[in-house]
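Structure record follows, encoded as structure tokens.
From a predicted model like this one, the values you see are computed outputs, not experimental measurements. By convention here, the first residue in the shown sequence is residue 1. All ligand and atom numbering here is 1-based and tracks the order in the structure.
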Amino acid sequence: MNLVVLTGAGISAESGVPTFRASDGLWCGHRIEDVATPEGYAADPALVQDFYNRRRRQLAEVRPNAAHRALADLAARWAGDFLLVTQNVDDLHDRAHADTPPAEGFELIHMHGELLKGRCTRSGAVMDWTGDMAADQASPHHPQGWMRPHIVWFGETPLEMARIERALAHCDLFVSIGTSGAVYPAAGFVDLARRAGARTVEINLEPTADARLFDEGVYGPATQAVPAFLDTLTP
Ligand code: BJW
């Protein structure tokens, strides 16, 4: 059986990473256009770099929770293909899977990029980046390049879309965890999975605006709802 799981900010909320659209969410105090668009970065690179520097530092203070660990445990025992697509730019899935190595057939894709990577504005080269990034951070990859966060901003193309669409076209089960479904193309994945004939399940604190598109809904905090649901999938 082929499985695709999509995760959003809700899976990391109980680890202490704020979600985007909660009233105390990450964008509080910042207009989205100022910090999450290429135009915002061009207008004020110092503001944008400071925003991501603070979030990068915060990663040192958080840990994977029971929902990340339950997915890693499932990946270690899942017999078919298992694509875990996260919209999250934190590294909590990566850390959970490093502790519990997955079976063959498992893949993790960060479709909106990663806080712990930087990208050269001229060559597009991507490199690990754990510290702060300066507003005028020179790129080691190109004499006229700067380093920017390896984050997919509004208006930019999400990563690995061909790979994701291929997996959705062949999946038997699609599970969407902790995402509001407000941002495309991820919000459209449930339609692609339905077209493939997959069973579709939403796990969230509460039904989302698109809950009717799913065959089933499991509602509660991710640290409880995710392990309980995943336990039903394997003997
Ligand atoms: C819990 C919980 C707990 C809480 N347990 N659950 C008009 C129509 C259609 C599309 C567009 C349009 N105008 C523009 C567009 C396109 C645009 C878009 O979607 N805009 C919308 C605003 C309409 N999209 C893009 O520009 C994308 N690119 C694109 O489309 O390129 C074209 C293309 C497509 C396909 C192929 C090729 C090309 C790029 C989108 C990039 C998004 N990037 C961001 C920000 C990055 C910067 C940063 O990190 O600061 O990524 S947006 C932000 O939202 C972030 C997230 O990954 C993303 C999704 O948010 P998420 O994860 O759903 O979080 P929340 O906060 O919304 O929801 C949390 C959920 O958790 C809630 O439901 C809670 O209930 C739940 N929850 N605690 C369980 N304990």
Using a strict cut-off of 4.0 Å, indicate which atoms of ligand 1 neighbour a heavy atom of Gly8. 62 (O)
Return yes or no for this condition: an N or O of Glu165 is under 3.5 Å from an N or O of ligand 1. no
Val89 versus ligand 1: do any nitrogen or oxygen atoms come within less than 3.5 Å of each other? no
Which ligand 1 atoms does Gly155 reach within 4.0 Å, using its non-hydrogen atoms? 25 (C), 26 (O)
Quick one: do Arg163 and Glu160 make a salt bridge, cutoff under 4.0 Å? no
Between Leu230 and Leu71, is there a side-chain heavy-atom distance shorter than 4.5 Å? yes
I need the atoms of ligand 1 closer than 4.0 Å to a non-hydrogen atom of Pro185, numbered in the order shown. 30 (O), 34 (C), 35 (C)
Decide whether an N or O pair under 3.5 Å exists between Ala13 and ligand 1. no
Within a strict 4.5 Å, meaning less than it, do heavy atoms of the Thr179 and Leu6 side chains meet? yes
If we number the atoms of ligand 1 from 1 as shown, the ones under 4.0 Å from a heavy atom of Glu14 are 3 (C), 5 (N), 80 (N)
Nitrogen or oxygen of Arg55 less than 3.5 angstrom from that of ligand 1: yes
Check this for me - ligand 1, Ala9, N or O atoms closer than 3.5 angstrom, yes or no? yes
With atoms numbered from 1 as shown, which atoms in ligand 1 lie under 4.0 angstrom from a non-hydrogen atom of Gly178? 6 (N), 69 (C), 70 (C), 71 (O)
Pi-cation contact, Trp153 with Arg148 (under 6.0 Å, within 45°): yes
Using a strict 4.0 Å cut-off to heavy atoms of Phe51, name the atoms of ligand 1 that fall inside it. 50 (O)
Is it the case that ligand 1 has an N or O less than 3.5 angstrom from some N or O of Val152? yes
Regarding ligand 1, does Asn88 bring an N or O atom to under 3.5 Å of one of the ligand's N or O atoms? no
Determine whether Thr7 and Thr86 satisfy the following criterion, side chain to side chain donor-acceptor pair (under 3.5 Å), listing intermediate values before the conclusion. CA-CA 5 Å; Thr7 64; Thr86 187; 2.7 Å; yes
Exactly one of Asp94, Asp90, Asp91 clears side-chain hydrogen bond (donor to acceptor under 3.5 Å, both in side chains) with His110, and that residue is Asp94
Crowding at NE2, His142 (>12 non-hydrogen neighbours, <6.0 Å): yes
Close-contact set for ligand 1 against Pro221 heavy atoms, below 4.0 Å: 5 (N)
Does the pair Arg54 and Asp50 meet the rule for a salt bridge (charged side-chain N to carboxylate O under 4.0 Å, His left out), with working shown? CA-CA 6 Å; Arg54 279 188 282 124; Asp50 178 59; 3.4 Å; yes
Answer yes or no: is there a side-chain heavy-atom contact under 4.5 Å between Val218 and Gln224? no
Checking the N or O distance criterion of under 3.5 Å, is ligand 1 in contact with Trp153? no
Atoms of ligand 1 close to Ile151 [distance to a heavy atom under 4.0 angstrom, numbered from 1]: 46 (C), 47 (C)
Take the angle between the ring planes of Trp78 and Phe82 and call it parallel below 30°, perpendicular above 60°, tilted in between. perpendicular
Polar contacts were defined as any N/O atom of the residue lying under 3.5 Å from an N/O atom of the ligand; does this apply to Phe20 and ligand 1? yes
When only distance counts, is Glu206 in polar contact with ligand 1, meaning an N/O pair under 3.5 Å? no
